[in-house]
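What's counted below: heavy atoms across the whole structure, side chains too, no hydrogens, waters or symmetry copies. As the structure is a prediction and not an experimental result, all values here were calculated from the model.
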Amino acid sequence: MTQAVQAYSYAGPSTLADGKLGLSTSGGTALSGPQTHPRFFSGLLAQAAPAAAGLLAVADVALTRYHQPRPGWTRDPVVTCDGGRLRFESFSACGGVYARLDVLELDGDVLDRGTTNVDVNGPLREALARVGGRDPLHLGVGPDELTVTTLDGAVVEKKVPLPSRWLRGFAEVQVIAAGFDLRAELTGPHAVRFLRSLPRGARSTVWAVPSGRDLRVSSGPARGGVCLSGTGRVATLLPLLRFAKKLRAYGPADGSSTASAWELELPGMRYTLAVSPEPWRGFSGEGQVLGDLATDEAAGDADVVGMLLSFEPTVELGLLADRSGLSIDRVRAALTQLGTAGRVGYDLHEAAHFHRELPYDRDQVAQLNPRLTAARALVDSGAVRLLGDSGSAEVSTDGGVRRVRMEAGECTCPWWFDHQGSRGPCKHVLAARIAARVDVTVTP
């Protein structure tokens with residue numbers, strides 16, 4: 001697969017001086033239309049130190065490769081303004097860690113709503129690390145007219161590889177997170193004690209088990225516990241502990257995955273970190289989006305639902321269903337389709353989706369999910385044979401005939417034996433389900 005290249009062009013570098021943080025923006029999408037350097041916000045953040053530390057934490061994730069670390073990765077965070085908050089997001093180079101800072105208390109002028117990338121350069125990182133105290137910080141997201149006119153010759157351009165797994169990871173995270181429940185909530189002192197008790201080894205795996213008002217660390221699964229695979233991957237939480245009011249742990253209630261999410265409540269903001277099931281395992285290969293993407297209506301429904309999004313703070317499924325005339329299940333599948341194009345995220349605290357726009361071509365969605373592409377090719381070639389009303393099928397492949405049980409998602413292929421459904425359906429299960437919907441030849 002050809003690797004895309006993302007080109008950033010900034011009117012000038014982001015700067016922090018005299019209590020004024022100016023974040024330079026690249027091309028983006030706004031309610032007012034496509035913008036070369038969109039301006040979203042100009043005003044005050046109530047407390048400087050937590051805001052600076054949170055933004056630096058998001059930037060740190062964007063620069064880090066947690067599995068098999070090596071230099072050379074660069075990626076600027078994404079920011080979305082929905083009118084009431086700013087969401088800064090990033091993804092690690094290895095694809096296994098997702099970070100988001102939600103700035104909830106804006107005091108100033110919201111100039112537009114939309115999504116763009118922001119320049120976080122070396123000098124800015126150094127300046128952010130020096131911010132102390134809790135005084136207000138003036139923030140500008142996007143250059144003002146005066147700045148643009150006085151930065152003659154200061155244009156900053158960056159060209160970085162944009163791996164397909166990065167976007168696939170964004171899509172998988174929102175689907176996986178939607179299946180998480182709140183498993184524990186700790187107040188500030190308890191949160192500090194728990195996070196500082198974690199093993200320092202980047203690959204250590206522990207279970208966080210509720211114990212009164214605390215979480216205790218266990219080496220194995222326990223009732224009500226949340227898995228933290230690769231404790232070193234939550235390192236960006238530690239510099240934020242001095243501001244932490246609460247720590248919330250999220251995970252699947254049925255224990256179906258060892259992925260987890262950790263949310264720090266800070267003054268006027270929240271910092272969320274999601275980690276994949278294993279340190280070596282990026283979110284991009286989890287396959288949880290494939291079931292929704294395989295439906296016949298998903299692409300068309302996504303077009304309908306996409307037109308109804310307007311960078312709202314939360315996306316209400318019921319409201320979208322009413323406006324679109326679609327069922328809740330079809331709206332959810334459409335949001336998954338939109339997620340693969342970077343247009344939808346999921347907020348665990350709000351238990352709701354949110355709208356953003358990433359610079360990806362929707363026509364590349366199929367290329368980003370080779371398992372689904374392979375499944376459709378099997379159907380088109382007539383390789384699927386449905387076995388009456390049994391809910392079973394046989395799929396002919398170069399490696400032999402695979403027997404599929406569609407409802408259970410089971411298959412006789414090596415992929416299923418290796419993963420037991422933990423990384424989404426195999427191509428044979430997907431092919432059988434697609435064939436069943438279009439009623440390919442049925443054998444009594």
Does the pair Thr236 and Leu56 meet the rule for a side-chain contact (heavy atoms from CB on, under 4.5 Å), with working shown?
CA-CA 9 Å; Thr236 57; Leu56 189 57; over 6 Å; no
Just by distance, no angles: are the side chains of Thr25 and Thr116 close enough, under 3.5 Å, to form a donor-acceptor pair?
no
Checking Glu312 against Ser310: is there a side-chain donor and acceptor pair closer than 3.5 Å?
yes
Which heavy atom of [X] sits nearest a heavy atom of [Y], and at what distance?
X	Y	result
Val58	Ser90	O-OG, 2.7 Å
Asp76	Asp119	OD2-CA, 3.9 Å
Pro38	Ser26	CD-O, 3.1 Å
Ala51	Leu45	CB-CD1, 3.6 Å
Gly54	Leu240	N-CD2, 3.6 Å
Pro267	Lys245	N-CD, 4.0 Å

[atom2] on [Y] to [atom1] on [X], rounded to 0.5 Å:
X	Y	atom1	atom2	result
Leu55	Leu137	CG	CG	9.5 Å
Leu139	Leu16	CG	CG	10.0 Å
Leu101	Leu273	CG	CG	11.5 Å
His428	Trp415	NE2	CH2	11.5 Å
Thr187	Lys246	OG1	NZ	8.5 Å
Leu215	Glu185	CG	CD	11.0 Å

Say whether, by atom type as modelled, one donor and one acceptor occur between the side chain of [X] and the main chain of [Y] under 3.5 angstrom.
X	Y	value
Arg403	Val395	no
Ser324	Leu326	yes
Asp82	Gly84	yes
Trp416	Gly409	yes
Thr29	Pro34	no
Ser92	Val97	yes
Ser24	Ser14	no
Arg433	Met406	yes
Ser260	Tyr250	no

Using ring-ring contact (aromatic ring centres under 6.0 Å, His included) as the criterion, list what pairs up with Phe311, not counting sequence neighbours.
His355
Set of residues satisfying ring-ring contact (aromatic ring centres under 6.0 Å, His included) with respect to Tyr346, sequence neighbours excluded:
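Residues passing ring-ring contact (aromatic ring centres under 6.0 Å, His included) with Tyr346: His353.
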Taking the side chain as everything from C-beta on, heavy atoms only, tell me whether [X] gets closer than 4.5 Å to [Y].
X	Y	result
Val110	Cys81	yes
Phe88	Val78	no
His138	Ser42	yes
Thr80	Leu86	no
Leu195	Leu247	yes
Leu21	Leu23	yes
Val141	Val79	yes
Glu265	Arg248	yes

Is it true that [X] and [Y] make a salt bridge, defined as a side-chain N closer than 4.0 Å to a carboxylate O?
X	Y	result
Arg85	Glu350	yes
Glu89	Arg100	no
Arg330	Asp301	yes
Asp181	Arg183	no

side-chain contact (heavy atoms from CB on, under 4.5 Å), that's the test. Do Arg233 and Leu228 meet it? Break it down for me.
CA-CA 9 Å; Arg233 296 191 293 170; Leu228 175 52; over 6 Å; no
Could you please spell out the steps behind the side-chain contact (heavy atoms from CB on, under 4.5 Å) verdict for Tyr271 and Glu263?
CA-CA 6 Å; Tyr271 181 73; Glu263 177 188 273; over 6 Å; no
Under the side-chain hydrogen bond (donor to acceptor under 3.5 Å, both in side chains) rule, what do Ser32 and Asp112 come out as? Steps first, then yes or no, please.
CA-CA 7 Å; Ser32 58; Asp112 206 342; 2.3 Å; yes
Test the Arg87-Phe354 pair against the cation-pi criterion, namely NZ or CZ under 6.0 angstrom from the six-membered ring centroid and within 45° of the ring axis.
yes
Residues two or more places apart in sequence or in another chain: which of them pass side-chain hydrogen bond (donor to acceptor under 3.5 Å, both in side chains) with Asp60?
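Expected list: Arg125.
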Checking side-chain contact (heavy atoms from CB on, under 4.5 Å) for the pair Val234/Val275: CA distance, chi angles, key distance, verdict?
CA-CA 8 Å; Val234 298; Val275 295; 4.3 Å; yes
Tested for side chain to side chain contact (heavy atoms under 4.5 Å, CB included) against Trp262, the lone hit among Val226, Thr272, Leu348 is Val226
